[in-house]
Protein chains: 2
Amino acid sequence: MNPLEIPEIVIRRLPLYLRALKRMTEEGQSVTSSQEMASRLGISATQIRKDLSYFGEFGKQGTGYDTAFLRAQLEAILQVSKHWKVAVVGAGDLGCAVLRYSQFEDGGFIVAAVFDRDSQKIGRQVGHYQVLDVARLSAVVEEQGIRIAILAVPAEEAQAVANSLVEAGVKGILSYAPVPLELPADIQVHYIDPVIGLQGMTYYLSPS
Amino acid sequence: MNPLEIPEIVIRRLPLYLRALKRMTEEGQSVTSSQEMASRLGISATQIRKDLSYFGEFGKQGTGYDTAFLRAQLEAILQVSKHWKVAVVGAGDLGCAVLRYSQFEDGGFIVAAVFDRDSQKIGRQVGHYQVLDVARLSAVVEEQGIRIAILAVPAEEAQAVANSLVEAGVKGILSYAPVPLELPADIQVHYIDPVIGLQGMTYYLSPS
DNA sequence: TAGATTGTTAATCGATTAACAATC
DNA sequence: TAGATTGTTAATCGATTAACAATC
C-alpha cells in the first residue's frame, strides 16, 4: 500500500492514538481494545480499526491490542522512535514557554538551537539553551542538519523567517504566528493559534 | 436556515476569513474577492463563497466583498464583536505566555482572572494580573459571569479543573493539557497540543 | 456593453459507519 | 464451545468542486 494514498486526516489521528497508548503503557496496562480507545478519545471504534488497518494488522481477534506493541508500531509509522532536532525561532514569552515544555522530549523532539534577533536576548540563557543570533540561523540549521522548526516570532517576521528556514533545509514548521505562510508544497506546516480556536467556540455559545 | 445545520467545519474556517479581513482593513484595502482570499489562505474560492452563503449574501457580483462590511458580518456571526471574559487556569510558563499574548484582545477576548494552586504563585503579579488561588475559581467565575476558560495546568490536574470550571458555568474551554477531557456534550472544547502537531508532520518527512 | 465575480446547483469526491465473516 | 474483538467490505453520509445563470 502506497503511503501517499493514506488520507492526511488518518495521519493526523495517529498521534492521538499514540498518546493514549503511551499513557496506558505507563500505567501498566498491557492490553486494550478499539472500544476502549474509542471511549477515551471520543472517536468511533470502527474508525480506529480502519485507521490502523492502513498500516497493518496489529491486533488479535477476541483480545484486542498489545499496548506496548501498538505503541511501538505507531512510533515507527510516525517516525518518532528516535528524536528529531528542532530549532526554535523567537525567544519571547512564547518561545521560552516552548523551551521549558517537557512534552516535546517525550514526543520525540529535542530542541537543538534557539534564535532571536533582539540583541537584548542574544547570549542569554533560557532553560538549558543559549539564545543565538538569528543571523546565524542558516549556518546552524545546516551544520546540525535540523529539519524541523518552531516559529514563535511576530506575524510580520514570520514569512521572512520561514523562508530562511526552508532555504536552510527545514522541511517542517510549526508556526505560532497568526498568519498563513506561503511556502513550497513539499514543506509541512502546522499552525497553532489559540485565538482561532476560541473564535470557533464562541459561535456556539449563547450570547452573554 | 437553522444555525444547527451549519457544518462545524465551516464554522472553523470563519475565523481564518475574519483574520484575513482584519489584516486587509488595517492595511486600508476596502474591497476583496473570494479569489484573493483564496490565494492568501490556501482555500478554494468556491469553498469560501459556499461557506459565506450559509449566512447570507455579503458580496456584489462583478466587484467582490467590502472588507469592512464582511469583517463586521463575520464578527457578528462568530459573536466576537464584543469581548468575552476569559479565565486562565495555571500560571506556569504557558499560562504566563498566554497572559502576555496581545492577540487575545484583538480577537475578542479579555483575561478577567488568573488562577493557580501553587502558594508560591498566588498573589504574584503577572502582566496586569494578580494570580488568584484556584480555590476561589468557582466563586470568581460565577461572580464575574465568565463563560470561557483557558486551561494551562498539568495533564493530571486538567480533568478536575475542567470539571470545576463547567460546574461554575464555563461553556467553552481551550485546553493546552495533553489529555482528552470528558465533559458534557454541550461544552465546547478545543485542544492545543504542539506535540500532536509535530508528530503529524514527521510522518511525511524522509528519515534523517 | 464587456468583464468580472457572486451565489447556488448538481456532480464528484472522500470519509465515516454499519455489518459481518474470521478467528483468537 | 461461547464470547469477544479484529480487519474489511459495502453502504451511507457529508464535504468539496465544477459549472453557470444572475448581475454588478
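Chain letters run A, B, ... following the sequence lines, proteins first, then strands; residues in each count from 1.
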Asker: Are any of the side-chain nitrogens in B/Arg12 or B/Glu8 under 4.0 Å away from the carboxylate oxygens of its partner?
Answerer: yes
Asker: Using atom names, set out every protein N or O paired with an N or O of nucleotides 22-24 of chain C below 3.5 Å, distance rounded to 0.1 Å.
Answerer:
unit_1: C/dT23; atom_1: O4'; unit_2: A/Gln61; atom_2: NE2; d: 3.3
unit_1: C/dC24; atom_1: O4'; unit_2: A/Gln61; atom_2: O; d: 3.3
unit_1: C/dC24; atom_1: O2; unit_2: A/Gln61; atom_2: O; d: 3.4

Asker: Return the value, rounded to whole Å, for the distance between atom CG of A/Leu70 and atom P of D/dT5.
Answerer: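 For the pair A/Leu70 CG and D/dT5 P, the rounded distance is 16 Å.
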Asker: Using OP1 and OP2 only, check whether a side-chain N or O of B/Arg49 sits under 4.0 Å from C/dT9.
Answerer: no
Asker: Please state how far atom CG in A/Asp66 lies from atom C1' in D/dT5, giving the value in whole angstrom units.
Answerer: 15 Å
Asker: Looking only at side-chain N and O atoms, does B/Tyr65 come under 4.0 Å of OP1 or OP2 in C/dG7?
Answerer: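 Yes.
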Asker: Just call it for B/Ile9: base, sugar-phosphate, or nothing, with non-hydrogen atoms closer than 4.0 Å on any strand.
Answerer: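 B/Ile9: backbone/sugar contact only, no base atoms under 4.0 Å.
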Asker: In the strands shown, is C/dT12 matched to any nucleotide by a Watson-Crick or G-U wobble pair with both distances under 3.5 Å, and which?
Answerer: D/dA15
Asker: For C/dC20, which nucleotide in any strand shown is its Watson-Crick or wobble partner with both distances under 3.5 Å?
Answerer: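 With both distances under 3.5 Å, C/dC20 matches D/dG7.
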Asker: Step through the shown structure and confirm whether more than 12 heavy atoms of other residues, nucleotides or ligands are within 6.0 Å of CZ on A/Arg117.
Answerer: no
Asker: Do NZ/NE/NH1/NH2 and the carboxylate oxygens of B/Arg19 and A/Asp193 come within less than 4.0 Å?
Answerer: yes
Asker: Assuming nearest nucleotide by heavy-atom distance, tell me which of B/Thr46 and A/Val10 is located more 5' along DNA chain C.
Answerer: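 That would be B/Thr46.
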Asker: Among C/dT6, C/dT16, D/dT6, which nucleotide sits nearest the side chain of A/Lys50?
Answerer: C/dT16
Asker: Where the side chain of B/Ser34 is concerned, which of C/dG7, D/dT5, C/dT6 is the nearest nucleotide?
Answerer: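 Per side-chain heavy atoms of B/Ser34, the pick is C/dT6.
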Asker: Separation of B/Glu5 atom CD from D/dA15 atom P, in whole Å?
Answerer: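 The answer, rounded to whole Å, is 12 Å.
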Asker: Counting heavy atoms not belonging to B/Gln35, are there more than 12 under 6.0 Å from its CD?
Answerer: no
Asker: What is the nucleic acid contact for B/Ser44, judged by heavy atoms within less than 4.0 Å: base, sugar-phosphate only, or nothing?
Answerer: sugar-phosphate
Asker: Can you measure A/Ile48 atom CD1 to D/dT5 atom C1' for me and round it to whole angstrom units?
Answerer: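 Value for this atom pair: 13 Å.
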Asker: Take atom CD of A/Gln47 and atom P of D/dT9, then tell me their distance rounded to the nearest Å.
Answerer: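 Answer to the nearest Å: 18 Å.
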Asker: Are B/Ile148 and A/Leu205 side-chain neighbours, meaning at least one heavy-atom pair lies under 4.5 Å?
Answerer: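 Yes, side chains in contact.
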Asker: Please report, rounded to the nearest Å, how far the P atom of D/dT17 is from the CG atom of B/Asp51.
Answerer: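 That distance rounds to 11 Å.
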Asker: What's the shortest heavy-atom distance between A/Ser206 and B/Trp84, and which atoms?
Answerer: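 In terms of heavy atoms, the two residues are closest at O-CH2, 3.9 Å.
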Asker: In whole angstrom, what separates A/Tyr17's OH from D/dT6's C1'?
Answerer: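 Taking atom C1' of D/dT6 as the reference, OH of A/Tyr17 is at 15 Å.
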Asker: So does A/Glu167 have more than 12 non-hydrogen atoms from other groups sitting under 6.0 Å from CD?
Answerer: no
Asker: Between atom CE in A/Met37 and atom C1' in D/dT5, what is the gap in whole Å?
Answerer: 14 Å
